[in-house]
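Throughout, numbering of the chain's residues begins at 1 and tracks the sequence.
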Amino acid sequence: MKILIINGSPRKQGHISKMLQLMETEARANGDEVTVIRVADLQISPCIGCMSCREKLKCCLPEDDAQRVLKQIEEAQALCRCAHYHHRR
């Protein structure tokens, strides 16, 4: 199985990263193909609001990590995405 893990945590050795490392190890032990992406490492250009994508159905900006990750999501058979959540009272 082709598994894509998206780590939304900014901490390389935080709790979420450690949990995802365990999931990756277990999946690989089962013979699955695993790709891990750290969102903090991606280079993504912000939208400039030109709206040309509505006519062309394609972004006018040069290809960045957002387009590459989207392709990986489309190709994956399983997707695991995790991010930290802070709740203030």
Side chain to side chain contact (heavy atoms under 4.5 Å, CB included) evaluation trace for V34 with T25: CA-CA 9 Å; V34 182; T25 301; over 6 Å; no

Donor-acceptor pair, side chain of R38 and main chain of P10, under 3.5 angstrom: yes

Non-hydrogen side-chain atoms of K2 and E75 separated by less than 4.5 Å: yes

Non-hydrogen side-chain atoms of K71 and E63 separated by less than 4.5 Å: yes

Other residues, nucleotides, ligands: >12 heavy atoms within 6.0 Å of R28 CZ: yes

Cluster link I73 to V39, ILVMFWY, side chain under 4.5 Å: yes

Closest approach of H84 to S9 (non-hydrogen atoms, all atoms of both residues): ND1-CA, 4.0 Å

L61 versus C47, closest heavy-atom pair with distance: CD1-CA, 4.4 Å

Q77, CD: over 12 other non-hydrogen atoms inside 6.0 angstrom: yes

Stepwise side chain to side chain contact (heavy atoms under 4.5 Å, CB included) test for Q43 and R68: CA-CA 11 Å; Q43 298 294 318; R68 287 187 277 278; over 6 Å; no

Least distance between heavy atoms, T35 atom then Q72 atom: CG2-NE2, 3.7 Å

Q67 side chain to D64 backbone, donor-acceptor under 3.5 Å: yes

Non-hydrogen side-chain atoms of C50 and C60 separated by less than 4.5 Å: yes

Check: D32 main-chain N/O paired with N30 side-chain donor or acceptor under 3.5 Å: no

Transitive ILVMFWY side-chain link M23 to I3, under 4.5 Å: yes

Transitive ILVMFWY side-chain link L4 to I44, under 4.5 Å: yes

Non-hydrogen atoms of C80 and L20 that approach each other most closely: SG-CD2, 3.9 Å

Neighbour count >12 (heavy atoms, 6.0 Å) for atom CZ, R11: no

Close side-chain approach of I5 and I37, heavy atoms under 4.5 Å: no

Nearest atoms (heavy-atom pairs only) where S17 meets N7: OG-ND2, 3.0 Å

Over 12 non-hydrogen atoms of neighbours within 6.0 angstrom of CD in E26: no

For I16 against A83, the heavy-atom pair lying closest together: CD1-C, 3.2 Å

Pairwise side-chain contact, M19 with E24, heavy-atom cut-off 4.5 Å (strictly under): no

